[in-house]
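In what follows, a single structure is set out as structure tokens and then discussed.
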2 protein chains.
Amino acid sequence: MSETKPMSVAGQRILDAAGDLFYSRGITAVGVDLIAEHSGVTKRTLYNQFGSKDQLVVAYLEEREQRWQLLVRETIAAAESPIEAVLAPLEAQRIWNQNNPRGCAFINALAELPDPTHPAHVVATKQKQWLIDLFLELATAAGCSAPDTLATQLLVLHEGALVTQQLSLDTLAVSIELARGLVRAAVPAQS
Amino acid sequence: MSETKPMSVAGQRILDAAGDLFYSRGITAVGVDLIAEHSGVTKRTLYNQFGSKDQLVVAYLEEREQRWQLLVRETIAAAESPIEAVLAPLEAQRIWNQNNPRGCAFINALAELPDPTHPAHVVATKQKQWLIDLFLELATAAGCSAPDTLATQLLVLHEGALVTQQLSLDTLAVSIELARGLVRAAVPAQS
DNA sequence: ACGCTCCTTTACCGATCGGTGTACTGTAGG
DNA sequence: CCTACAGTACACCGATCGGTAAAGGAGCGT
């Protein structure tokens, strides 16, 4: 039930190649011919599987969305306290960024596809909304007195760390430390 | 002496149109024909003035760079104290973002042009380096004890506020308030 | 009157873009 | 054995991409 389509082996290969290329070179800059070539598949097969480039872009973003959210949920589950759980999305970046040095795929997609009606644009904003809601939920669960403010602060730090990652500065460690201080200050003392 | 080329009226029109289109629709998505049409100028004139699309992109980014840095310097000059001066780049966003709702043009350019050897990529990273250096300089001038850490924190907040601006949340106000707290805490008490 | 610079007009270039038509092949299931 | 399906091979489409050729008009300082 979780999968609407089992996705054929060729489809998976296409999605893998598209993922690499879109992320590393940009969505607009990568043509369908190149994706077909890199996945060792005919352009015809690509269109039989995905229908159009736009739909392939959507599939690309949704695949990343699933992987990222899974990682975050695992990090939350592994957190030792509600306070640490609030920091989970930031902590998850530690692992994620190792294989994703080109910043946030969703932010990049928004930069390339400004049209709000574009399906890929919708997916990207949906993903960010998910993160906002998650921060709010985690802050509330941790017993934070002003969860809205904290959630916004953490969102800014999260996105800031993500986007400055490309600038060869270790901003993530600084962001996490700062975030930890904010969470501790916002949650009434415990233990 | 400040201008290497006086820039003809047609050149200015082209640059204006290119600025609007590149920023609002994305660099890769906008073709030279469209720019020529929007600026009421022939494609030939465009190429006589700028030589190539890449060079026009560079000119576009450099023009924004100049306008932004000017605004920041004015905000610094208007600051009432060294502590407020450190916050100037954040404060400048208040004005800047009103006419620039699509996030940071340089970050967007980096997203669209991943090739580090691309001249536009170089301009964009140079701009970010300028901001890093500026934060460091301002933090030091304010007498901050650990200017490196503060500068990195402020950079993260700055970029975070910039990139989350598109998400219809007032993240800038939250970021500035948080940044002010950080600066006050980092600078030994005065007066 | 001169040439020079700026700009225009129109037409054109090869390459690539996203996307399709068609006919063929391998293979698994009934 | 036969059908159905997934995938291949390859040619093709109109549109658009960045960029150029050639010729000429308008203004201007000499």
Side-chain angles (χ1 to χ4, degrees), chain A residues 3-61 109 112-115 117-121 123, chain B residues 3-61 109 112-115 117-121 123:
Chain A
E3 302 273 318
T4 56
K5 284 183 182 179
M7 179 75 66
S8 69
V9 279
Q12 199 53 252
R13 291 248 304 280
I14 295 168
L15 198 51
D16 287 349
D20 289 345
L21 291 169
F22 282 154
Y23 182 69
S24 64
R25 304 193 196 180
I27 294 172
T28 316
V30 169
V32 286
D33 301 81
L34 187 65
I35 296 170
E37 183 187 330
H38 267 69
S39 47
V41 145
T42 323
K43 200 160 56 153
R44 202 74 187 89
T45 304
L46 191 155
Y47 276 94
N48 284 340
Q49 291 287 329
F50 295 96
S52 71
K53 185 186 177 181
D54 279 353
Q55 289 175 263
L56 178 56
V57 172
V58 168
Y60 149 66
L61 290 177
E112 289 200 73
L113 312 168
D115 179 7
T117 68
H118 193 293
H121 190 105
V123 174
Chain B
E3 304 273 319
T4 55
K5 283 183 181 179
M7 179 77 65
S8 69
V9 279
Q12 199 52 252
R13 291 248 304 282
I14 295 167
L15 198 51
D16 287 349
D20 288 345
L21 292 169
F22 282 154
Y23 182 70
S24 64
R25 303 193 196 181
I27 294 172
T28 316
V30 169
V32 286
D33 301 81
L34 187 66
I35 296 171
E37 184 187 330
H38 267 70
S39 48
V41 146
T42 323
K43 201 160 55 153
R44 186 76 255 192
T45 305
L46 191 154
Y47 276 93
N48 283 341
Q49 292 286 328
F50 295 95
S52 71
K53 185 187 177 180
D54 279 353
Q55 289 174 265
L56 177 57
V57 173
V58 168
Y60 149 65
L61 290 177
E112 289 201 73
L113 311 168
D115 180 8
T117 67
H118 194 293
H121 190 105
V123 174

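All values below come from the heavy atoms of this structure, side chains included, with hydrogens, waters and symmetry mates left out. A quick note: this is a predicted structure, and the numbers were derived from the prediction, not measured. Here is the naming used below: chain letters follow the sequence lines, and residue numbers restart at 1 for every chain.
As a whole-Å value, the separation of A:E37 CD from D:dT8 C1' is 16 Å. In this entry the distance linking CD1 of B:I14 with C1' of C:dC7 reads 10 Å, nearest Å. Taking atom CD of residue B:Q49 and atom C1' of nucleotide C:dC7, one finds them 9 Å apart after rounding to whole Å. Computed from coordinates, the B:I35 CD1 to D:dT16 P distance equals 16 Å when rounded to whole Å. Atom pair B:L46:CG and D:dT20:C1' shows a separation of 13 Å (rounding to whole Å applied). Atoms CZ (A:F50) and C1' (D:dA6) sit 14 Å apart, rounded to a whole Å.
Inter-residue side-chain proximity for A:F22 and A:L61 is flagged as unmet; no heavy-atom pair is nearer than 4.5 Å.
Side-chain nitrogen and oxygen atoms of B:T42 include none within less than 4.0 Å of the OP1 or OP2 phosphate oxygen of C:dC7. The phosphate of C:dC6 has neither OP1 nor OP2 within less than 4.0 Å of any side-chain N or O from B:T45.
Among A:V57, A:V58, A:L56, the one residue that satisfies the side chain to side chain contact (heavy atoms under 4.5 Å, CB included) test with A:F50 is A:L56.
For B:D33, the side chain to side chain donor-acceptor pair (under 3.5 Å) criterion is met by B:K43, not counting sequence neighbours.
When atom types are taken as modelled, the side chain of A:T42 and the backbone of A:T45 share no donor-acceptor pair closer than 3.5 angstrom.
Note that CG of A:L46 and CD1 of A:I14 are 4.5 Å apart. Values are rounded to the nearest 0.5 Å.
Across all strands, B:G40 comes closer than 4.0 Å only to sugar-phosphate atoms, never to a base (heavy-atom distances).
Residue pairs meeting the side chain to side chain donor-acceptor pair (under 3.5 Å) criterion with at least one partner in residues 19-32 of chain B, sequence neighbours excluded, are B:T28-B:E112.
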Classify every nucleotide of nucleotides 17-23 of chain C by which part a protein heavy atom approaches to under 4.0 Å, writing B for the base, S for the sugar-phosphate alone and - for neither, in 5'-to-3' order.
-SBBBB-
